[in-house]
There are 2 protein chains.
Amino acid sequence: MTQHGPTTGREWRLVSRPQGMPVPTDFELVEVEVPPPAAGEVLVRNLFLSVDPYMRGRMSEAKSYAAPYELGKVMYGGAVGEVVASTVDTHRVGDLVLHQQAWRDVAAGPAKEFKVVDRLVPPSQYLGALGMPGLTAYAGLLRVAGFQPGETVFVSGAAGAVGSLVGQLVKAHGGTAIGSAGSAEKVAWLTGELGFDAAFDYKAGPVADQLAAAAPDGIDVYFDNVGGEHLEAAIGALKVHGRAAICGMISAYNATTPPAAPRNLMQVVGKRLRIEGLLVWDHHDLEDEFLAEVGPMVADGRIVAQETVVDGLEHAVDAFLGLLVGSNTGKMVVRVEG
Amino acid sequence: MTQHGPTTGREWRLVSRPQGMPVPTDFELVEVEVPPPAAGEVLVRNLFLSVDPYMRGRMSEAKSYAAPYELGKVMYGGAVGEVVASTVDTHRVGDLVLHQQAWRDVAAGPAKEFKVVDRLVPPSQYLGALGMPGLTAYAGLLRVAGFQPGETVFVSGAAGAVGSLVGQLVKAHGGTAIGSAGSAEKVAWLTGELGFDAAFDYKAGPVADQLAAAAPDGIDVYFDNVGGEHLEAAIGALKVHGRAAICGMISAYNATTPPAAPRNLMQVVGKRLRIEGLLVWDHHDLEDEFLAEVGPMVADGRIVAQETVVDGLEHAVDAFLGLLVGSNTGKMVVRVEG
């Protein structure tokens with residue numbers, strides 16, 4: 001089916017580069033006309049948009065591992081939507097598709113940029129537990145950090161999209177999971193609902209002290225989503241031949257001066273620690289294995305795929321800003337039609 | 001042959017724990033009586049003692065990967081000597097032996113603690129190019145950092161015992177070697193005698209600027225002997241999937257406050273860097289391979305086994321203090337009989 005005539009859509013553009021914490025006026029919601037799909041293209045109405053910590057990096061001009069968002073242009077990011085018009089047999093109207101044209105309600109482009117997915121789980125979970133954050137947790141824990149059953153893992157940002165998966169994968173693979181989060185409620189959720197062995201509120205006292213209390217014998221693996229004081233505490237707690245997978249350092253994303261670095265980094269020598277950065281891009285070869293193992297556990301609830309849903313495309317920036325201060329539990333997503 | 005009656009020897013003891021840079025009064029040279037070897041033991045007259053940066057760590061009380069030196073007791077360390085009395089067939093008088101009872105002229109103990117070595121190279125080289133520093137360079141470069149032919153390696157402390165071997169191994173394996181050292185003379189020696197592709201004097205300007213000039217396309221591997229500003233510069237210069245083997249951080253050994261840590265550590269994520277600590281202890285399984293490859297190259301001069309020799313046991317502390325401020329080129333050793 002081909003749709004005739006343009007469709008009206010809305011998209012979020014970056015209009016100024018944030019200094020420190022972004023503010024709403026750095027963004028603008030604009031109405032646009034989306035032309036009907038040309039040959040080989042599809043038109044998609046987005047159901048859910050992803051907001052993720054990495055997007056803060058894209059808002060800065062500084063060279064990074066990916067191109068920065070362009071000023072005055074729509075921002076990109078993960079989304080899941082339904083095909084509403086198609087020119088190809090592989091994508092039929094009504095198909096659920098996963099793609100990277102987010103921060104908008106109507107997406108269009110070459111069909112190959114839209115991956116058709118099944119409906120075994122609610123659509124938004126393809127942005128979270130079964131999507132990029134889930135694969136990040138899986139690859140970071142099992143491949144980069146080389147986690148082995150019986151080991152003790154500390155994960156920061158444990159109530160977030162990636163961290164909550166890390167802890168649950170540790171438990172599913174026979175390890176001890178210790179998490180930090182930013183409120184007593186999140187801590188209770190980690191040990192109550194998710195089965196973490198221990199958790200603490202990093203705002204309630206020094207991370208090093210709380211980690212030592214939770215893991216008196218030390219840790220084998222640190223999964224870092226936070227950086228700063230957390231990384232320093234983890235380096236102190238890591239055992240000989242311990243590994244740290246560095247997934248993100250959200251504590252530093254809005255810093256306007258270089259963030260505090262671990263003063264105890266010299267311990268990497270004596271303890272022969274390995275500190276390794278992690279980007280999900282490098283690990284798409286694990287995707288089939290990941291979906292085969294984690295998909296059924298999410299579908300039947302053995303793994304809790306917690307989400308914080310913000311309703312309405314017009315609140316996407318609010319959702320993103322909330323993410324940066326930890327107002328989410330689990331994956332933060334935006335339901336396009338609020 | 002068994003010797004009858006005690007032998008008089010001298011040994012260096014640590015008598016106070018240094019605060020910051022050690023001073024001569026932290027040490028004391030004492031005369032001792034060494035009893036004749038009991039059954040299963042040998043008596044050894046040391047020819048050369050090793051002084052190494054790691055010894056600074058042993059002088060502090062802080063828990064480390066090895067026990068601290070005890071106050072009022074002789075310090076340990078590598079040495080090479082000759083058997084002067086033996087009770088076992090495996091060790092004959094005149095045999096050259098390598099062992100860990102240094103900071104003294106006469107050593108005694110169970111024969112199994114004294115490894116008999118051949119005389120294919122001058123004895124002192126078993127403390128340097130063919131000893132612990134050599135194996136450290138070999139294992140750190142080839143195993144920990146995973147160096148591959150064609151890659152560019154930056155090594156700090158490049159004129160030292162380990163660093164000078166790292167650069168020469170890089171060249172022997174078909175890579176590009178870039179080194180930093182602490183004087184124009186050392187820099188000239190690195191590029192002149194040792195075949196480094198580039199080198200710079202870290203005291204002559206910011207490390208990051210000089211490294212960028214020497215390696216405009218970045219580096220694949222950083223071999224760290226220095227830490228601090230060097231590590232930060234290396235993180236900035238490492239390419240995607242670059243590796244840093246952390247062998248030591250001599251810039252921090254005498255620090256009385258926590259040393260500066262790399263403010264750009266967040267780059268490990270975007271560039272998926274691996275930073276890994278290195279202790280030679282973990283790599284003794286490589287010793288045969290190392291000696292088979294590097295031994296002949298040292299013996300025939302393809303690898304320069306440079307030494308700085310300080311004469312006289314009574315100057316061992318001077319040698320050690322000199323090492324900490326970089327007065328050596330190549331391996332610093334003490335010839336016991338000056």
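Side-chain atoms are counted along with the backbone in the values below, which use heavy atoms only and exclude waters and symmetry mates. Quantities reported herein were computed from a predicted structural model and do not represent experimental measurements. Per chain, numbering begins at 1; letters A, B, ... match sequence-line order.
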* To do: Examine whether an atom of A:Leu265 lies under 4.5 Å from a heavy atom of chain B, and if so say whether it belongs to the side chain, the backbone or both; otherwise answer neither.
  => both

* Asked: If you look at every heavy atom in B:Ala261 and A:Pro262, which pair is closest and at what distance?
  -> CB-O, 3.1 Å

* Under a 4.5 Å heavy-atom cutoff, which of A:Glu276, A:Lys271, A:Arg272 has the most pairs with chain B? -> A:Arg272

* Between A:Asp282 and B:His241, what is the shortest heavy-atom contact and its length? -> OD2-NE2, 3.0 Å

* To do: Output the option from B:Ile246, B:Ile275, B:Val268 having the highest count of non-hydrogen pairs under 4.5 Å with chain A.
  => B:Ile275

* In Å, rounded to the nearest 0.5 Å, how long is the span from CZ of A:Arg243 to CZ of B:Arg274? -> 13.0 Å

* Asked: For the side-chain contact (heavy atoms from CB on, under 4.5 Å) test, which of A:Asp224, A:Leu278, A:Leu279 pairs with B:Val269?
  -> A:Leu279

